[in-house]
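Quick notes on the structure that follows.
Numbering starts at 1 and runs along the sequence shown.
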Amino acid sequence: MAVTILPVEGGVCAPNGFRAAAARAGIRASDKDDLALIVSDLPCTFGAMGTQNRVRAWCVDWCLGIRPEAGPRAIVCNAGNANACNGPEGKEANLAMARRVAEALGLDSPNEVFVASTGVIGKQFPLALAETGIEIATRALEASPEASERAANAILTTDLVPKSFAVEVVGRGAGFRVGGIAKGSGMIAPNMATMLAFVTTDVRVETPRLQEVWRRVVDRTFHCVTVDGDTSTNDLALVLANGASGVAPDSDETLERALEVVCCELAKKIAADGEGATKLVTIRVTGAQGPARTIAKTIAESPLVKTALFGNDPNWGRILAAAGRSGEPIDANKASVWIGPHLLFAQGVPVPFDKDAVSESMKAKEVEVSLDLGNPAGHAATVWTCDFSYDYVRINAEYTT
């Protein structure tokens with residue numbers, strides 16, 4: 001029997017043995033929940049990846065320092081304060097959050113708790129508020145789709161919608177679930193940006209193996225998202241596996257496929273919810289002599305391309321120009337460009353097209369831009385991004401004011 005991957009409800013609570021909760025701690029100035037807690041009933045193996053920015057929040061160093069023997073059981077995340085670039089008090093506050101969660105759950109050590117933060121950089125962390133939120137969230141833990149949804153909402157900053165997805169893997173050597181929640185809206189770039197992703201699974205797998213699988217999955221999903229090319233200080237992608245299903249996949253392939261399905265969906269939701277975005281844009285590059293992702297990323301991050309997409313302007317010249325400055329070898333005389341199904345430029349020559357029809361097609365919520373560079377045996381890559389609207393400037397111009 002072939003392995004089948006089916007969408008299910010539940011987010012991070014879809015796998016067996018995981019609970020979630022949210023609380024309004026008052027860390028950010030709103031009436032919304034701003035602290036999330038995800039807890040496993042069993043010790044977990046894990047995979048962890050953090051931002052490649054050399055200026056990192058305390059939580060990133062903490063999470064990347066947790067050792068496999070700790071058998072972590074929980075993730076706590078606050079929104080509204082990045083707890084970054086704020087001196088030794090911030091480091092102590094991060095440790096105190098882990099300690100408080102460990103105490104509230106009856107765990108042996110703060111090393112059993114992953115900590116994540118998102119929000120404004122450089123402000124002192126309101127530890128007392130966070131500790132109150134932890135107490136509230138601990139009492140509210142549930143294994144339900146609603147609990148996962150509340151947690152997904154509690155980690156948002158400038159996001160407009162929560163991001164959640166889960167699957168069940170059935171078939172020979174399968175019978176487990178994977179679920180996840182994420183946040184991300186601006187400062188998103190392919191080397192991880194201002195995004196958080198928390199994934200749970202009830203599969204049985206050792207940490208070294210899971211970490212290797214997780215690196216490959218993140219590289220093909222979250223590393224293929226860009227909103228504006230910026231990279232933040234707090235980015236984390238965590239996966240916890242508690243083994244509650246009792247299933248250990250015969251090979252990495254089944255687990256990797258399931259994780260990738262969930263993370264790919266979360267990655268596209270992040271791109272679609274970019275600050276001020278009106279559409280999800282998929283950039284596909286094929287036939288490249290060099291690294292195709294570098295070319296796709298350059299196109300995806302071009303302000304001229306992104307504003308043309310917002311204005312529904314089929315300006316293929318901007319696409320080619322962006323590709324040409326990627327630093328990778330490109331022969332424009334062999335290149336072809338499509339927007340959706342419409343061929344605009346073929347092997348170095350402009351193609352007559354109905355501008356009004358193409359412009360109308362670009363008003364869709366999802367738009368695909370394709371660039372083929374003419375090498376049948378060349379490299380290919382896909383990157384997800386969004387358009388730049390007037391609201392992107394407004395949101396970021398007023399972020400702290």
Side-chain angles (χ1 to χ4, degrees), residues 8-28 30-44 46 59 62-63 71-81 83 93-94 96-110 112-119 125-157 159 161-166 177-183 196-202 236 238-242 244 262 266:
V8 294
E9 297 296 320
V12 291
C13 293
N16 292 315
F18 284 97
R19 295 172 290 155
R24 180 187 173 193
I27 296 170
R28 59 182 172 188
S30 75
D31 59 354
K32 298 179 180 179
D33 290 339
D34 51 12
L35 187 137
L37 186 61
I38 301 167
V39 177
S40 170
D41 295 337
L42 300 169
C44 295
F46 63 90
C59 61
W62 172 264
C63 289
R73 294 268 305 276
I75 300 170
V76 62
C77 176
N78 76 273
N81 188 305
N83 197 24
N94 184 90
M97 284 183 70
R99 282 176 174 156
R100 187 68 196 92
V101 171
E103 292 169 359
L105 297 174
L107 307 181
D108 294 332
S109 167
E112 297 177 65
V113 181
F114 285 104
V115 179
S117 297
T118 182
F125 190 77
L127 180 58
L129 295 177
E131 290 180 330
T132 298
I134 289 167
E135 293 178 9
I136 296 170
T138 302
R139 294 195 297 268
L141 284 166
E142 292 180 3
S144 68
E146 294 76 19
S148 178
E149 190 74 1
R150 288 193 293 271
N153 274 284
I155 65 176
L156 305 183
T157 51
D159 309 60
V161 296
K163 299 154 187 72
S164 175
F165 196 67
R177 288 186 168 194
V178 178
I181 61 174
K183 68 84 55 182
L196 299 173
F198 307 133
V199 175
T200 60
T201 178
D202 51 16
L236 282 166
L238 305 173
V239 58
L240 299 183
N242 67 6
V262 170
L266 294 175

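- Taking the ring-ring contact (aromatic ring centres under 6.0 Å, His included) definition, one finds that Phe165 meets it with nothing, sequence neighbours left out.
- In this structure, the side chains of Arg177 and Asn16 stay at 4.5 Å or more apart for every pair of heavy atoms.
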**OP:** Start with the C-alpha gap between Asp33 and Asn153, add the side-chain angles, then the distance that decides, and say whether side-chain contact (heavy atoms from CB on, under 4.5 Å) holds.
**Re:** CA-CA 7 Å; Asp33 290 339; Asn153 274 284; over 6 Å; no

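- Rounded to the nearest 0.5 Å, atoms CG (Asn83) and CG (Leu127) are 9.0 Å apart.
- Scanning all heavy atoms of the two residues, the minimum distance from Leu35 to Ala154 falls at O-CB, 3.7 Å.
- Nearest heavy-atom pair, Ala98 versus Val113, reported as atom, atom and distance to 0.1 Å: O-CG2, 3.7 Å.
- The heavy-atom pair separating Glu9 from Ala14 by the smallest distance is O-CB, 3.5 Å.
- Taken to the nearest 0.5 Å, the CD1 atom of Ile155 stands 7.5 Å off from the NZ atom of Lys183.
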**OP:** Could you walk me through whether Arg19 and Asp41 pass side-chain contact (heavy atoms from CB on, under 4.5 Å), step by step?
**Re:** CA-CA 8 Å; Arg19 295 172 290 155; Asp41 295 337; 3.2 Å; yes

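- Put simply, the side chain of Asn242 never gets that close to the backbone of Cys44: no donor and acceptor are under 3.5 Å apart.
- Note: Cys63 SG to Leu238 CG = 5.0 Å, rounded to the nearest 0.5 Å.
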**OP:** Let me see the working for Leu105 and Leu141 under side-chain contact (heavy atoms from CB on, under 4.5 Å), right down to the final yes or no.
**Re:** CA-CA 11 Å; Leu105 297 174; Leu141 284 166; 3.9 Å; yes

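- We find the CZ-CD distance between Arg99 and Glu103 to be 8.5 Å, quoted to the nearest 0.5 Å.
- For the pair Arg73 (side chain) and Ser40 (backbone), a donor-acceptor distance under 3.5 Å is present.
- The shortest side-chain heavy-atom distance between Met97 and Asn78 falls under the 4.5 Å cut-off.
- Here the two rings, on Phe198 and Phe114, have centers that are 6.0 Å apart or farther.
- Within the 4.5 Å cutoff, the side chain of Ile38 has heavy atoms near those of the Ile181 side chain.
- Around atom CD of Glu135, more than 12 heavy atoms belonging to other residues, nucleotides or ligands sit under 6.0 Å away.
- For Leu156 against Pro162, the heavy-atom pair with the smallest separation is CD1-N, 3.8 Å.
- Between Ala25 and Gly133 the shortest heavy-atom distance is CB-CA, 3.9 Å.
- Between Cys13 and Glu142 there is no side-chain heavy-atom pair separated by less than 4.5 Å.
- Distance alone, capped at 3.5 Å, is enough to place a donor-acceptor pair between the Asp34 side chain and the Ile27 backbone.
- Summarising the geometry, atom CZ belonging to Arg28 is positioned 13.5 Å from atom CG belonging to Leu129; distances are rounded to the nearest 0.5 Å.
- For the pair Ser148 (side chain) and Val12 (backbone), a donor-acceptor distance under 3.5 Å is present.
- Shortest non-hydrogen contact noted between Phe18 and Thr201 is CE1-O, 3.4 Å.
- Here the straight-line distance linking atom CG of Leu266 with atom NZ of Lys163 works out to 9.5 Å at 0.5 Å rounding.
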